[in-house]
There are 2 protein chains.
Amino acid sequence: MQKQYNNRIEVVLEVIGGKWKAHILYHLTRGPIRTGELKRLVTGITQKMLTEQLKELEQDGLIVRKVYNQVPPKVEYTLTEYGESLKEVLKVLCDWGGDYIKFRYPNGEVTVRNGNEEL
Amino acid sequence: MQKQYNNRIEVVLEVIGGKWKAHILYHLTRGPIRTGELKRLVTGITQKMLTEQLKELEQDGLIVRKVYNQVPPKVEYTLTEYGESLKEVLKVLCDWGGDYIKFRYPNGEVTVRNGNEEL
DNA sequence: TAACATAGGCACGAAAAAGTACCTATAGAA
DNA sequence: TTCTATAGGTACTTTTTCGTGCCTATGTTA
């Protein structure tokens, strides 16, 4: 069956949407990173969800999975060149999201971890 | 219980994410619009999902619901001033989404309705 | 009088997404 | 020999999201 999107926004949302991808991508924008470190940084994610999401990002052509042939295993994930182009999109989303939080919750009732970091 | 986001991207995704909001917002960016017209434009949406999503967008401060006191009822939805600020975000998402489709499916295996309209 | 147009509500069921628990492989260190 | 570190896999359950079907209100029109 042939996929048909209603508009181009849906395309992006399918790629970066869901409960974990934004958080994962957030860390990937800072450079190559090992599985275990991601697991530590992405608070609350399980092994299953992490590998599942990474696999999807890889299939979508946004990241590359590099396996070092050693024991214990070492696997590193990196944004592809195309994945790099997401950075500016994420930047725009971050900016709007930050402003929105201030607009909706001016007294800090809702907070954002790393709310002040760049990107 | 107090909500805590992991990063500012999640904030935006919560507001414009899900199966229908992008499509609804897409049409709202073109100006005030009645419920019935939205239902016609947002292909496949049900009454229930439409009103549900509109209610959320209203609670999030992005749209305004204006009721005309007449029979049969007339209700019109409009972007708020803050909602207007979403336009540039949606524009960026559209642009990336359009490019991505070309990148991933250079032979047009996947299509986007209204893929050439502005915004 | 009966049907229509418009916007919406609600109970319930189906489907999709996410979470839990437990399993594998392997070289080296204790 | 047993335990550790690392990355990943799978069956199953729970939670969240979405869809279906049917109901309400009311002035106008046929």
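All values reported here derive from a predicted model rather than from experimental measurement. Order of the sequence lines fixes the chain letters, A, B, ..., with proteins taken first and strands second; residue numbering starts at 1 for each chain.
Considering only side-chain N and O atoms, A/K19 lies nowhere under 4.0 angstrom from the phosphate OP1 or OP2 of D/dT15. Listed pair A/T35 / D/dG8 meets the phosphate criterion, a side-chain N or O lying under 4.0 Å from OP1 or OP2. Taking 4.0 angstrom as the limit, B/Y77 places a side-chain polar atom (N or O) nearer than this to OP1 or OP2 of C/dG8. Taking 4.0 angstrom as the limit, B/Y68 places none of its side-chain polar atoms (N or O) nearer than this to OP1 or OP2 of D/dG27. Taking side-chain N and O atoms only, B/R34 has no distance below 4.0 Å to OP1 or OP2 of C/dT6.
Going from atom NZ of B/K74 over to atom P of D/dG27 covers 18 Å, rounded to whole Å. Distance, B/L50 CG to C/dA7 P: 10 Å, rounded to whole Å. Taking atom CG on B/L54 and atom P on C/dG9, their separation rounds to 11 Å, with Å as the unit. Atoms CD (A/E56) and P (D/dG8) sit 15 Å apart, rounded to a whole Å. Rounded to whole angstrom, the span from the CG atom of A/N69 across to the P atom of C/dA25 amounts to 17 Å. The nearest whole Å value for the distance from the CD1 atom in A/I33 to the P atom in D/dT6 is 14 Å. When the P atom of C/dA7 is taken as reference, atom CD of B/Q70 falls 9 Å away, rounded to whole Å. For B/K48 and C/dG9, the NZ to P distance is 12 Å, given to the nearest whole Å.
Distances were taken from every side-chain heavy atom of A/P73 (C-beta onward) to each of D/dA7, C/dG9, C/dC10; the shortest belongs to D/dA7. Distances from the side chain of A/Q47 to the nucleotides D/dA7, D/dG19, C/dT6 place D/dA7 closest. Minimum atom distance to the side chain of A/P72 is reached by D/dA5, of the listed D/dA5, C/dA18, D/dC18. The listed nucleotides are C/dA11, C/dG8, D/dA7; the one nearest the side chain of B/T51 is C/dG8. Here C/dA18 is the nucleotide among C/dG8, C/dA18, D/dT20 with the atom lying nearest to any side-chain atom of A/M49.
Counting non-hydrogen atoms of neighbouring residues, nucleotides and ligands closer than 6.0 angstrom, the CD atom of B/E88 reaches no more than 12 such neighbours.
Residues A/L50 and A/V67 share a hydrophobic cluster, clusters being chains of Ile/Leu/Val/Met/Phe/Trp/Tyr side chains in contact below 4.5 Å.
At a threshold of 4.0 angstrom between heavy atoms, the contacts of A/K39 with the nucleic acid are absent.
Salt bridge present: B/K87 and B/E84 bring a charged side-chain N and a carboxylate O closer than 4.0 Å. Between B/K3 and B/E14 there is a salt bridge, since a side-chain N of the basic residue sits under 4.0 Å from a carboxylate O of the acidic one. Residues A/K55 and A/E58 are not paired through a salt bridge, judged by the lack of any N-O separation under 4.0 Å between the basic side chain and the carboxylate.
Between B/L13 and A/I16, some side-chain heavy-atom pair lies under the 4.5 Å cut-off.
Mapping A/K55 and A/V71 onto DNA chain D via the closest heavy atom, the residue that lands nearer the 5' end is A/V71. Remark on DNA chain C: of its neighbouring residues B/E37 and A/G18, the 5'-side contact belongs to B/E37, judged by nearest-heavy-atom nucleotide. Of the two residues contacting DNA chain C, namely B/R65 and A/W20, the nearest-nucleotide position lying further toward the 5' end is that of B/R65.
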